[in-house]
Asks: 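Before anything else, here's the structure in question.
Reminder, nothing fancy here: chain letters follow the sequence lines and each chain counts from 1. Quantities reported herein were computed from a predicted structural model and do not represent experimental measurements.
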Amino acid sequence: MHIQLSPLRSLNLDATLCCGQAFRWVKRGDWWYGVVGDRVLKVRQIARRLESENADLAFVEDYFGLTDDLQRILSSITKDKHIGQAVEAFRGLRILHQEPWECLISYICATYKNVPAIMQTIQRLSKSFGSLLTLDGQQFFAFPTPESLANSTVRGLEECGLGYRARYVSETARRIHETGLDLGRLRRVDREEARRELLNLPGVGPKVADCVLLFSLGKLEAFPVDVRIRRALLRHYSEHLAKELVKRVSDGRSLSSSEYEKLSRFGREYFGEYAGYAQEYLYHYERIRG
DNA sequence: CAAGTGCCTTTATC
DNA sequence: AGATAAAGGCACT
């Protein structure tokens with residue numbers, strides 16, 4: 001199966017898969033391999049041609065966010081030179097449409113870790129508690145179900161490298177499994193309400209909630225603020241922020257919740273309804289350019 | 001190569 | 001409200 005990408009429907013597959021939004025993709029040669037749901041996806045991009053194995057057109061279009069009007073989104077968020085440079089550098093980077101359960105647990109595991117460590121943790125979690133999948137004679141593992149994680153021991157989770165996050169994952173999984181909470185339902189409620197629900201779960205603070213809203217619930221205005229975005233805002237946007245706030249968040253301390261909300265609200269108000277896209281371009285640009 | 005620093009933070013406590 | 005500390009372990013320098 002292949003999709004011919006027009007300039008109006010551009011995609012930068014490498015940037016999309018290595019920018020740190022998803023943790024289950026590896027590149028071997030030209031091909032990216034990733035587990036999505038209960039299938040192993042194999043995709044590559046040759047210029048304007050996107051080829052994939054193991055998935056139909058509708059699935060690929062949805063997962064890679066090809067249904068989003070990227071032209072409109074990028075012109076909407078390009079408010080100044082700096083974001084303009086980030087957009088130019090990675091034009092075609094898209095926000096994936098991830099599965100909410102996997103996204104939620106992944107970002108609980110991601111707190112205070114670096115990306116390679118997060119990928120390793122998710123891999124170990126899947127290997128221990130997910131079902132085996134094969135493609136091209138290689139083994140992959142599906143992300144564990146809520147039931148599987150709810151029934152695993154905290155010790156077993158710790159052994160996957162979760163550390164103190166193990167009890168958060170265990171408790172959140174148990175709650176979602178036992179109540180049958182449908183995270184997908186949150187796609188249909190507004191951002192604030194969905195966020196409040198997520199914040200009730202253990203291990204979920206404002207940053208994790210905003211990531212889940214953005215990467216799996218279609219809330220494109222969500223603006224997660226991690227250390228890197230915080231640095232980017234201080235470097236390039238401090239003239240838009242209250243002096244008092246700049247002073248308070250300039251040292252290495254972790255953000256208080258009110259400081260977090262102020263920075264995140266700035267992002268939403270400044271970049272507008274697609275602020276989450278701006279966040280991802282800034283995040284990736286900051287990673288590459290420092 | 002060892003040792004120090006940092007990490008897409010959250011929670012508990014004062 | 002705001003400040004402070006602790007948390008497991010890996011990656012990078």
Asks: Between A:F215 and A:H97, is the gap from one ring center to the other below 6.0 Å?
Replies: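 Centroid distance A:F215-A:H97: not below 6.0 Å, so no.
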Asks: Whole Å only: how far is the OH atom of A:Y164 from the C1' atom of C:dG9?
Replies: 10 Å
Asks: How many Å lie between CD on A:E280 and C1' on B:dC8, as a whole number?
Replies: 9 Å
Asks: For C:dA6 versus B:dC8, give the span between their P atoms, rounded off to a whole number of Å.
Replies: 22 Å
Asks: Where the side chain of A:T111 is concerned, which of C:dC10, C:dG8, B:dT9 is the nearest nucleotide?
Replies: B:dT9
Asks: Between atom CD in A:E259 and atom P in B:dT9, what is the gap in whole Å?
Replies: 15 Å
Asks: At 4.0 Å (heavy atoms only), tell me whether A:V204 reaches a base, stays on the sugar-phosphate, or touches nothing.
Replies: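 Answer is sugar-phosphate: A:V204 comes under 4.0 Å of backbone atoms only.
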Asks: Could you tell me the Watson-Crick or G-U partner of B:dG6, where both distances fall under 3.5 Å? Say none if there is no partner.
Replies: C:dC10
Asks: Counting only side-chain heavy atoms from C-beta out, which of C:dA11, C:dA3, B:dT9 sits nearest to A:V208?
Replies: B:dT9
Asks: What is the distance from CG of A:N114 to P of C:dA7, rounded to the nearest Å?
Replies: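 Distance, rounded to whole Å: 20 Å.
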Asks: Within the 4.0 Å heavy-atom criterion, would you say A:R248 contacts the bases, only the backbone, or no part of the nucleic acid?
Replies: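 Nothing, no heavy atom under 4.0 Å.
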Asks: Hey, does A:P116 reach any base, or is it just sugar-phosphate, or nothing, if we go heavy atoms under 4.0 Å?
Replies: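 Sugar-phosphate, backbone atoms only, no base.
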Asks: Taking A:R94's backbone N and O only, do any of them form a donor-acceptor pair with A:T16's side chain (distance below 3.5 Å, no angle check)?
Replies: yes
Asks: Between the side-chain atoms of A:K113 and the base atoms of C:dC10, is any donor-acceptor pair under 3.5 Å?
Replies: no
Asks: Ring centroid separation for A:Y164 and A:Y112, is it under 6.0 angstrom?
Replies: no
Asks: Taking any heavy-atom pair under 4.0 Å as a contact, classify A:Q21: base, sugar-phosphate, or nothing.
Replies: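 Result for A:Q21 = base.
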Asks: Please lay out, stage by stage, how A:F223 and A:Y260 fare under the test ring-ring contact (aromatic ring centres under 6.0 Å, His included).
Replies: CA-CA 10 Å; A:F223 194 85; A:Y260 180 95; 9.2 Å; no
Asks: Separation of A:Y260 atom OH from B:dT10 atom P, in whole Å?
Replies: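 After rounding, the gap between these two atoms is 7 Å.
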Asks: Under 4.0 Å between a side-chain N/O of A:S258 and OP1 or OP2 of C:dG2, yes or no?
Replies: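 A:S258 to C:dG2 OP1/OP2: side-chain N or O found under 4.0 Å.
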Asks: Looking at A:P224 and A:K207, what are the two nearest heavy atoms and their distance?
Replies: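 Heavy-atom minimum between the residues: CB-CD, 4.0 Å.
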Asks: Hey, is the side chain of A:R167 poking within less than 4.0 Å of OP1 or OP2 on B:dA12, counting only N and O atoms?
Replies: no
Asks: Whether the side chain of A:S152 engages the backbone of A:L149 through a donor-acceptor N/O pair (distance < 3.5 Å, no angle test) should be reported.
Replies: yes
Asks: Just the rounded figure in Å: distance from C1' of B:dT11 to OH of A:Y112.
Replies: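 Going from A:Y112 (OH) to B:dT11 (C1'), I get 14 Å.
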Asks: At 4.0 Å (heavy atoms only), tell me whether A:S254 reaches a base, stays on the sugar-phosphate, or touches nothing.
Replies: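 Base: the residue A:S254, judged by heavy atoms under 4.0 Å, touches a nucleobase.
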Asks: Could you state the CG-P distance from A:L162 to B:dC7, rounded to the nearest angstrom?
Replies: 20 Å
Asks: How far does the P atom of B:dT11 sit from the matching atom of C:dC10, given to the nearest Å?
Replies: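 Going atom to atom, P in each nucleotide, I get 23 Å.
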Asks: I want to confirm an ordering. Mapping A:G20 and A:P202 to their closest nucleotides on DNA chain B, which one lands closer to the 5' end?
Replies: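 Of the two residues, A:G20 wins.
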Asks: Find the distance A:R231:CZ to B:dC7:C1' and express it as a whole number of Å.
Replies: 9 Å
